[in-house]
Amino acid sequence: MPLSIVILAAGQGKRMRSDLPKVLQPLAGRPLLQHVVDCARTLGADAIQVVYGHGGERVREVFAAQQLGWALQAEQHGTGHAVMQAMPAIPDDHLVLVLYGDVPLIQAATLQGLIARAGERSLALLSVMLDDPTGYGRVLRDNAGNVYRIVEQKDANRKELAVRESNTGLMAAPAAAIKRWLASLRNDNAQGEYYLTDIVTLAVRDGFKVEAVVAPTVAEVLGVNDRLQLAELEAEYRRLQARALLEAGVTLADPARIDVRGQVRCGRDVSIDANVVLEGDVALGDRVVVGVGCVLRNVSIGADTVLHPYSVLDGAVVGERCSVGPFARLRPGARLSVAAHVGNFVEIKNATLGAGSKANHLTYLGDATIGDQVNVGAGTITCNYDGVNKWPTVIEDGAFIGSGTMLVAPVTVGRGATIGAGSTITKPAARDALTLERSRQQAIDGWRRPVKASAEERDRHVAQARLPDEPAKD
Ligand code: UD1
Ligand code: CA
């Protein structure tokens with residue numbers, strides 16, 4: 001059967017105590033709802049309908065660029081009422097899978113199992129065995145083990161409350177039957193709500209097969225209602241990601257102190273120290289070493305490269321056998337060729353550093369093309385911005401840039417050129433020559449060290465340093 005997925009996301013999330021709608025709260029850097037949508041996408045559904053609620057316009061805005069259907073549930077009268085809002089958009093011959101926008105760690109394999117057990121004449125629901133099922137609906141089975149009802153906590157008697165098998169809320173059933181069942185739901189229960197769970201009884205009455213699939217792990221069906229639960233799921237997510245890296249052969253100094261918020265591909269014998277954050281698409285080559293506290297976002301790092309502690313790389317491509325940091329910052333468009341060295345307090349943006357080239361200390365290289373075997377001295381700055389435009393700097397192979405050099409772009413330093421320390425370079429520097437821009441050093445005869453000024457001397461001296469007043473404008 002073709003598949004439609006309904007994601008319930010109309011809940012307010014009061015207990016988050018936040019101005020942000022609950023399903024927009026971030027887990028591993030992505031909104032809760034995004035995790036559910038991403039998982040849903042892998043199931044090959046024809047359509048995904050999100051049921052959103054009062055104040056949910058922000059949710060729609062955040063997801064505006066994504067292929068999703070939206071159904072407004074203006075007032076919240078329960079989960080059955082919520083699903084009802086999405087049904088008009090769903091064809092009768094579809095299978096409907098109901099997910100929750102605040103249950104972010106749900107696994108595709110679990111949902112595939114659920115879908116496989118639902119069909120023309122069968123309803124499948126996902127249950128979970130909980131040590132403490134307080135607050136959950138209980139899955140009631142007859143003596144033969146067949147599910148016949150779900151009873152909510154608030155409607156349950158003492159015997160029913162003792163049942164540990166709990167309803168996750170996620171279920172799958174054919175659209176035509178769901179429409180029929182929902183139309184006959186009543187709200188004469190403890191909460192005065194239209195319960196989606198009541199369709200279980202209706203399905204049994206219609207002679208449907210009702211199956212409860214037990215979720216393989218508790219974490220994947222946990223919902224987020226408050227900050228504590230959000231933090232717990234963040235930790236769970238961290239554990240899952242760390243385990244995947246360990247299984248892939250990566251050494252982690254401490255699996256509890258790495259945050260993976262994207263996709264990571266690692267070669268063999270990669271080693272990652274504590275408190276590292278990986279975001280977006282990260283590719284680490286064989287034997288790459290990532291030092292303490294590094295933050296990597298959308299980067300590719302070549303084999304045998306070492307990232308020393310506290311380096312921040314975003315949108316950078318680093319070649320093999322490079323050395324980066326400690327405390328280096330590579331911004332988008334930074335490209336390091338093989339065996340390049342970037343040291344402490346060096347910032348590189350939209351610039352290429354050629355093979356074996358070095359910028360080891362306190363430097364800014366922006367909008368620059370730097371050849372092979374170039375040495376960039378400490379404190380060198382490409383002055384790439386004139387306040388309006390960005391201009392390029394070119395440094396050819398084998399050049400030596402003395403410390404404290406200002407390269408006022410656009411400017412070119414020729415192959416094999418040497419720039420004397422402290423120069424401000426505004427014109428092309430010739431190949432294989434020494435270029436210097438520096439005033440002559442002088443010794444001042446008869447100079448004495450200052451002595452303490454009297455109050456009057458001080459006032460006079462300060463007054464002399466003032467600019468004359470500007471003429472008044474009328
Ligand atoms: C529901 C189930 C319960 C199950 C529990 C699991 C029903 C009647 N009960 O409980 O058996 O154990 O989930 O967490 O279905 N929502 C809407 N609109 C509404 C009401 C809810 O969109 O009018 C959404 C919420 O945003 C949330 C989900 O539905 O994502 C579940 O709602 P929630 O109130 O957390 O669950 P319960 O109804 O208490
Ligand atoms: Ca100078």
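Both counts, for ligands and for their atoms, begin at 1 and track the order of listing.
The pair Arg238-Asp259 counts as a salt bridge, with a side-chain nitrogen and a carboxylate oxygen less than 4.0 angstrom apart.
Among pairs with a residue in residues 136-150, those fulfilling side chain to side chain donor-acceptor pair (under 3.5 Å) read Arg138-Gln153, Arg141-Glu165, at least two apart in sequence or across chains.
Among all heavy-atom pairs drawn from Asp273 and Gly291, the shortest one is CB-C, 3.7 Å.
Donor-acceptor pairing under 3.5 Å is lacking for the side chains of Asn384 and Thr382.
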Validation: residues 243-254 side-chain donor-acceptor distances under 3.5 Å, sequence neighbours left out:
residue : atom : partner : partner atom : Å
Asp254  : OD1  : Ala256  : N            : 2.9
Asp254  : OD2  : Arg257  : NE           : 2.9

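Residues forming a side chain to side chain contact (heavy atoms under 4.5 Å, CB included) with Asn298 (at least two apart in sequence, or on another chain): Asp281.
Each of Leu8, Ala9, Ala10, Gly11, Gln73, Gln76, His77, Gly78, Thr79, Ala82, Tyr100, Asp102, Tyr136, Gly137, Glu152, Asn167, Thr168, Tyr195, Thr197 has a non-hydrogen atom positioned under 4.0 Å from some atom of ligand 1.
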